[in-house]
Amino acid sequence: SWLKFGSWIGGDRDGHPDVTAEVTQKSLKMHREMSGSYLAKLCEDLSETLSFAVERDDIDPELFSILNYWRKDQELNKIVTRHYDEPYRAALLCMARTASILSIGQLRDNFEILEKSLRKSKAYPVFKDSFKPIFEHLDHFGNTTACLDLRQDSAVHEEAVHDLVK
C-alpha cells in the first residue's frame with residue numbers, strides 16, 4: 001500500500017517520563033485488538049449473508065480442510081459443528097473469533113481460500129465483492145490499525161549504537 005497509518009501515542013519516549021515499556025506494549029496491543037475487532041465485525045456481518053448450505057453449491061475442499069483444522073479448538077469446534085452445513089458462515093464466524101491473534105499471512109490465506117471457494121459458486125456474481133472491504137483493510141492496515149512510531153532521546157540511541165560497535 002502506498003499509504004500507511006502511524007501513531008506516536010504510546011511510543012513517545014523522548015523526554016516523557018510516563019511513557020514506559022508497559023505503556024508502549026499496551027498501545028501496540030490496543031492497535032491490534034482494534035483491527036481484530038473491526039475484522040471480526042466484517043466477518044460476522046458477512047456470515048449473515050454467506051449462509052447458504054452445502055447441498056446448494058460446490059464448496060472448495062480446501063475450505064473444509066480449514067474447518068476441520070479449527071475443530072481442534074473447543075470453542076471453534078462448537079461453531080463448526082453448529083454450522084457445518086453452512087461452511088462460509090462457519091468459516092467466517094471462526095475467523096471472527098481468531099482475527100486478533102492470527103498473523104497477517106494467516107488472515108490473508110484464510111480469506112483467499114474463502115474467496116476462491118466462493119468463485120466456484122453459482123452465487124459468485126451476487127457476492128463477488130463481498131471480501132473487498134476485508135482485503136482493503138488487510139492491505140492498508142494489516143492486523144493493526146497503525147504502525148507505532150517509537151521516539152527516544154538521541155542519547156539513548158547513541159549509547160545503544162556505541163554498545164553495538166564495541
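One is the number of the first residue; the rest follow in order along the sequence.
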Exercise for review: Establish whether Y38 and I101 are linked, either directly or via other cluster members, by ILVMFWY side-chain heavy-atom contacts under 4.5 Å.
Suggested key: no
Check your understanding: Between OH of Y88 and CG of L92, what distance do you get to the nearest 0.5 Å?
Key -> 10.0 Å
Check your understanding: Below 4.5 Å, heavy atoms only, C-beta onward: do M95 and L114 meet side chain to side chain?
Key -> yes
Review point. Hey, does E136 have a side-chain heavy atom less than 4.5 Å from the side chain of H140?
Key: yes
**Study point:** I134 with M34, same ILVMFWY side-chain cluster at under 4.5 Å
**Key:** no
**Study point:** Side chain to side chain, F131 and L50, heavy atoms closer than 4.5 Å
**Key:** yes
Point to revise | Under 3.5 Å donor-acceptor, D73 side chain and L76 backbone | key: yes
Check your understanding: Would D139 and R108 pass as an ion pair if we require N to O under 4.0 Å?
Key -> yes
Check your understanding: F64 versus Y69: any side-chain heavy-atom pair under 4.5 Å?
Key -> no
Practice item. Write down the atom of S37, the atom of S100, and the distance for their closest heavy-atom approach. Key: N-OG, 4.2 Å
Point to revise | Pairwise distance CG(D109) to OG(S103) - rounded to 0.5 angstrom | key: 7.5 Å
Review point. Just wondering, do D45 and K41 contact through their side chains at under 4.5 Å, heavy atoms?
Key: yes
Check your understanding: CZ of R119 to CG of D60: how many Å apart, nearest 0.5 Å?
Key -> 9.5 Å
Check your understanding: Are the side chain of T49 and the backbone N or O of L46 linked by a donor-acceptor pair below 3.5 Å?
Key -> yes
Check your understanding: Which distance, rounded to the nearest 0.5 Å, do you find between the CZ of F135 and the CG of L42?
Key -> 12.0 Å
Practice item. Give the intermediate values and the outcome of side chain to side chain contact (heavy atoms under 4.5 Å, CB included) for residues D18 and V23. Key: CA-CA 8 Å; D18 294 331; V23 169; over 6 Å; no
Point to revise | Y84 six-ring centre to R71 NZ/CZ under 6.0 Å and within 45° of normal | key: yes
Practice item. Answer yes or no: is there a donor N or O on one side and an acceptor on the other, between the side chain of T81 and the main chain of N77, under 3.5 Å? Key: yes
Review point. Just how far is it from atom CG of N110 to atom CD1 of I66, taken to the nearest 0.5 Å?
Key: 4.5 Å
Exercise for review: Evaluate the side-chain proximity of S35 to L39: yes if any heavy-atom separation is below 4.5 Å, no if none is.
Suggested key: yes
Revision key, fill the gap. Looking only at heavy atoms, the pair that brings A96 and C43 closest together is CB-CB, 3.8 Å
**Study point:** side chain to side chain contact (heavy atoms under 4.5 Å, CB included) partners for S65, two or more places apart
**Key:** none
**Study point:** Residues in side chain to side chain contact (heavy atoms under 4.5 Å, CB included) contact with S51, at least two apart in sequence or another chain
**Key:** E86, R89
Point to revise | Side-chain ion pair, E33 and K26, N-O less than 4.0 Å | key: no
Check your understanding: E44 and S47: which non-hydrogen atoms are nearest, and at how many Å?
Key -> O-OG, 2.7 Å
Check your understanding: For R82, does the CZ atom sit with more than 12 other heavy atoms under 6.0 Å from it, leaving out its own atoms?
Key -> no
Review point. Is there a side-chain contact between L93 and H83 (heavy atoms, below 4.5 Å)?
Key: yes
Review point. Would you call K116 and E112 a salt bridge, using N to O less than 4.0 angstrom?
Key: no
Check your understanding: Would a distance-only check, ignoring hydrogens and angles, find a side-chain to backbone donor-acceptor pair under 3.5 Å from T98 to C94?
Key -> yes
Practice item. Dump the intermediate steps for salt bridge (Lys or Arg N to Asp or Glu O under 4.0 Å) on K120 and E115, then the final yes or no. Key: CA-CA 9 Å; K120 296 177 180 180; E115 187 181 48; over 6 Å; no
